[in-house]
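Written below as structure tokens is the structure these notes are about.
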Amino acid sequence: MNRSMKRILITSAIPSVNGVKHLGNLVGSMLPADVYARFCRARGYETLAICATDEHGAPIELAAAEEGIPVSEYCDKWHAVQADLGARFGLSWDHFGRSSSDQNREMTWHFARQLWKNGHLDVRTTKQAYSATDGRFLPDRYVIGTCPHCGNINARGDQCEVCTRVLDPIDLIEPRSAVSGAKDIEIRDSRHLFLKQTNFVDQLRAWIASHKNDWPVIVTSIANKWLDEGLQDRGITRDLEWGFPVPDDIADGQLAGKVFYVWFDAPIEYIGATKEWADKNNLGDDAWRDWWHGDRAKDVTYVEFMGKDNVPFHTIIFPAMILGTGEPWKKVDRLKGFNYINYDGAKFSTSSKRGIFMDGALDILPADYWRYYLMANSPESSDSMFTWEHFQGVINKDLADVLGNFVNRVTKFCVARFDGAVPSEGEYGDDEKALAARLDTLVAQYTEHLEACEFRKALAELRAIWVAANEYITVAAPWTHFKADRAKAAVGIRMGLNLIHLFGHLCWPVMPTAARAIHHAIQNAPEIIPWPSKPMAEFLGQLEPGQKIAPPDVLFAKIADEQVAEWRARFSGTGL
RNA sequence: GGCAGCGUAGCUCAGUGGUAGAGCAGGGGAAUCAUAAUCCCUUGGUCGGGGGUUCAAAUCCCUCCGCUGCUACCA
């Protein structure tokens with residue numbers, strides 16, 4: 001393994017296995033992680049991109065019950081669906097794991113044992129709602145009753161959505177089970193393990209302060225808010241059937257029958273999934289350590305992608321767990337947190353099917369349309385807004401007109417006038433030199449922004465590169481010069497073809513399929529299309545005269561007003 | 001209620017102390033290779049309201065209004 005290479009470990013917040021994810025889930029974690037991973041591979045960095053489904057927790061247990069199938073079967077089914085949709089969206093994970101894996105169970109037990117051994121876990125007795133009819137403990141939010149503050153008869157046990165007050169199920173008047181409606185709710189004592197997060201406040205504060213300038217504001221402000229409000233020790237076990245059982249050697253078996261809290265084992269799955277990846281590829285029992293542990297992972301830069309809802313778990317709880325092990329685990333270096341994308345003025349909603357989900361998105365348009373739009377408008381500094389008009393405008397203008405039409409006009413003209421081969425006549429002159437100089441700047445800026453995971457800015461540069469090409473071809477005007485000065489026209493088309501070749505390289509991290517189609521117009525593309533490292537003057541002069549080209553079909557079809565009307569109706573959700 | 005973020009052109013957003021910006025949309029022109037696609041020029045904003053600090057404020061402080069999120073058992 002070449003250890004002089006830059007090494008980048010990338011994780012996306014792992015999506016709940018529970019159903020198909022919407023574009024809001026995609027845009028904050030999986031998609032930017034993939035664009036960055038592809039960029040890193042294109043640059044030749046040693047890259048490992050990890051994601052997984054999060055398969056534990058009460059909602060999953062209950063969803064399986066609702067479908068009437070065993071939880072493991074439910075997870076198998078939806079993991080496969082999500083893996084398929086991810087692949088169809090071009091998400092190029094090195095491994096898409098499962099938090100319920102054997103590897104993750106071992107890793108979770110290891111973390112728990114270390115924390116227990118080091119005195120960072122407590123056994124405490126808590127009051128939990130129990131439904132005899134359901135035969136189970138109920139999470140707070142699955143107990144429904146009348147709010148003692150405002151009288152709302154459908155208040156949830158964790159919080160009343162009408163008066164927004166935080167509740168305890170004990171407070172509810174006439175509590176009932178959200179699962180069965182049963183009214184025989186009783187409060188029982190239940191022992192649980194607690195992570196003594198308070199042991200790590202100072203270390204966490206210092207660590208977060210050290211990232212004040214390289215993490216987004218949204219990330220440090222959320223993390224500091226938690227610290228400022230005072231950390232509470234956190235329960236890390238639950239009264240559920242489905243999950244990793246607490247081993248008997250922790251607390252002398254006092255936790256028999258309990259499982260670990262989903263948020264305890266979910267972040268560990270980043271490591272567990274790396275082990276799954278190593279096992280799958282027969283890399284040996286210790287290969288995962290090269291990314292995660294001690295000196296073996298010393299040269300790794302670890303980058304995490306997530307929506308803002310996930311930030312507390314990745315800045316406070318998981319780091320506290322890592323600190324508590326007393327072991328040299330890799331901690332996140334760059335934490336890219338995202339805000340939310342709203343749909344036509346309100347939130348995407350999984351429960352009311354409002355908004356666009358990954359399967360529906362692919363039903364109507366290829367993945368690259370979505371990838372480009374979402375990254376060009378990613379909610380980096382604040383929540384962003386999806387509207388169909390805006391989406392239509394961006395796709396039609398940027399992709400169909402500025403990029404697609406450039407490829408089309410140059411290749412078609414080349415076929416009509418130069419026999420479909422790279423013309424050989426003429427020499428590059430001042431216009432071509434000026435273009436190369438301008439592109440040196442734009443490509444460098446595009447590269448810097450991708451390196452910094454500044455996706456909106458990066459894609460604005462990419463677009464500026466396409467615009468520069470259109471400006472050039474307008475001035476070069478080969479269609480005007482063709483009759484009087486064939487060599488001059490040849491120079492313009494040769495440059496145009498080289499520009500298309502450049503686009504194939506530059507688009508690949510964002511739009512892998514379209515990038516390959518663009519590159520294939522000129523010549524075959526390697527599996528990973530490498531990042532241009534040469535100066536533009538050289539890169540744009542590399543196509544061999546006489547080489548045949550192959551004009552592609554329409555790369556990006558325009559979106560018609562009628563389609564927009566149809567899609568708006570289709571995706572408006574069940575609430576309308 | 002508490003905390004956090006946001007409020008800049010018709011729309012989506014940059015800009016965090018030094019003469020208000022981009023893309024789209026709108027207006028005018030050029031070109032006719034191309035998916036009627038491109039290129040050039042251009043209209044447009046008392047930077048949510050008010051107060052303060054400063055030689056200078058979209059930017060810092062205070063206050064008010066509005067929107068959004070979080071509030072620890074939804075991930």
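Every chain is numbered from 1 and lettered A, B, ... according to where its sequence line falls, protein lines coming before strand lines.
Atom pair A/W466:CH2 and B/C24:P shows a separation of 13 Å (rounding to whole Å applied). Separating the CD1 atom of A/I473 from the P atom of B/A31 is a distance of 18 Å, rounded to the nearest angstrom. Taking atom CZ of residue A/F313 and atom P of nucleotide B/A75, one finds them 7 Å apart after rounding to whole Å. Look at NZ on A/K308: it is 11 Å from P on B/C6, rounded to the nearest Å. For the pair A/N339 CG and B/A4 C1', the computed distance is 11 Å after rounding to whole Å. If you measure from atom NZ of A/K397 to atom P of B/C13, you get 20 Å, rounded to the nearest angstrom. Between the CD atom of A/Q392 and the P atom of B/U35 there is a distance of 20 Å, given to the nearest Å. What separates CG of A/N377 from C1' of B/A22 is a distance of 13 Å, to the nearest Å.
Across all strands, A/G393 comes closer than 4.0 Å to no nucleic acid atom at all (heavy-atom distances). When heavy atoms are screened at a 4.0 angstrom cut-off, A/S384 is found touching the sugar-phosphate backbone but no base atom. Residue A/D309 is in base contact, counting any heavy-atom pair closer than 4.0 Å across all strands shown. Within 4.0 Å of A/Q232, counting heavy atoms only, lies at least one base atom of the nucleic acid.
Taking the nucleotide of RNA chain B with the nearest heavy atom to each of A/H390 and A/V402, the more 5' of the two is matched to A/H390. Of the residues near RNA chain B, A/L138 and A/Y373, the one whose nearest nucleotide (by heavy atom distance) lies more toward the 5' end is A/Y373.
Set against B/C13, B/A75, B/A37, the side chain of A/M385 has B/C13 as its closest nucleotide. Considering only the side chain of A/L555, B/U35 comes nearest among B/U35, B/G69, B/A72. Out of B/C33, B/A4, B/C73, the shortest distance to the side chain of A/D140 is found at B/C73. The side chain of A/Y261 has B/C73 as its nearest neighbour among B/U38, B/C74, B/C73. Nearest nucleotide to the side chain of A/N470, out of B/C73, B/U12, B/U38: B/U38. When each of B/C13, B/U38, B/A72 is scored by its nearest atom to the side-chain atoms of A/W226, the top-ranked nucleotide is B/A72. Listed nucleotides: B/A31, B/A34, B/C39. Nearest to the side chain of A/W479: B/A31.
Across the strands present, B/A30 finds its partner in B/U38; the criterion is a Watson-Crick or G-U wobble pair with both atom distances under 3.5 angstrom. For B/C6, the paired nucleotide is B/G66, the pair qualifying as Watson-Crick or G-U wobble because both relevant distances are below 3.5 Å. Remark: B/A72 base-pairs with no nucleotide in the shown strands. Criterion, Watson-Crick or G-U wobble with two distances under 3.5 Å.
In terms of heavy-atom proximity, A/L240 sits nearest to A/A58 at CD1-N, 3.6 Å.
Between B/G1 and B/U12, the two C1' atoms lie 34 Å apart (nearest whole Å). On the C1' atoms, B/A31 is 13 Å away from B/A36, given to the nearest whole Å. One C1' atom belongs to B/G15, the other to B/G7, and the distance between them is 15 Å to the nearest Å. As rounded to the nearest Å, B/G69 and B/G27 have C1' atoms that lie 40 Å from one another. Here the separation of B/U46 from B/A9, taken at their P atoms, is 9 Å to the nearest Å. Nucleotides B/U53 and B/C60 are separated by 8 Å at their C1' atoms, to the nearest Å. Taking atom P on both B/G17 and B/C13, the two are 24 Å apart, rounded to the nearest angstrom. Remark: the separation of the C1' atoms in B/U43 and B/G10 is 12 Å, to the nearest Å.
Cation-pi check for A/K336 over A/F338 is met; the charged atom lies under 6.0 angstrom from the ring centroid and within 45 degrees of its normal.
Here the side chain of A/N25 pairs no donor or acceptor atom with the backbone of A/P15 at under 3.5 angstrom.
Side chains of A/Q392 and A/D561: a donor on one and an acceptor on the other come within 3.5 Å. A/T125 and A/D189 are not linked by any side-chain donor-acceptor pair at a separation below 3.5 angstrom, with hydrogens and angles left out of the test. Looking only at atom types and distance, the side chain of A/E432 has a donor-acceptor partner in the side chain of A/Y472 under 3.5 Å away.
Contact annotation: A/K558 reaches the phosphate of B/A37 (side-chain N/O to OP1 or OP2, under 4.0 Å). Listed pair A/R234 / B/C73 meets the phosphate criterion, a side-chain N or O lying under 4.0 Å from OP1 or OP2. A close approach under 4.0 Å does occur between a side-chain nitrogen or oxygen of A/R463 and OP1 or OP2 of B/C24.
If you check distances only, the side chain of A/N408 never reaches the base of B/A34 with a donor-acceptor pair under 3.5 Å. Evaluation of atom-type donor-acceptor distances gives a pair under 3.5 Å for the side chain of A/Q128 against the base of B/C73.
Ring-centre distance between A/F200 and A/H120: below the 6.0 Å cut-off.
Between A/H314 and A/W263, the ring planes are perpendicular. Angles over 60° get that label, and only those under 30° would be called parallel.
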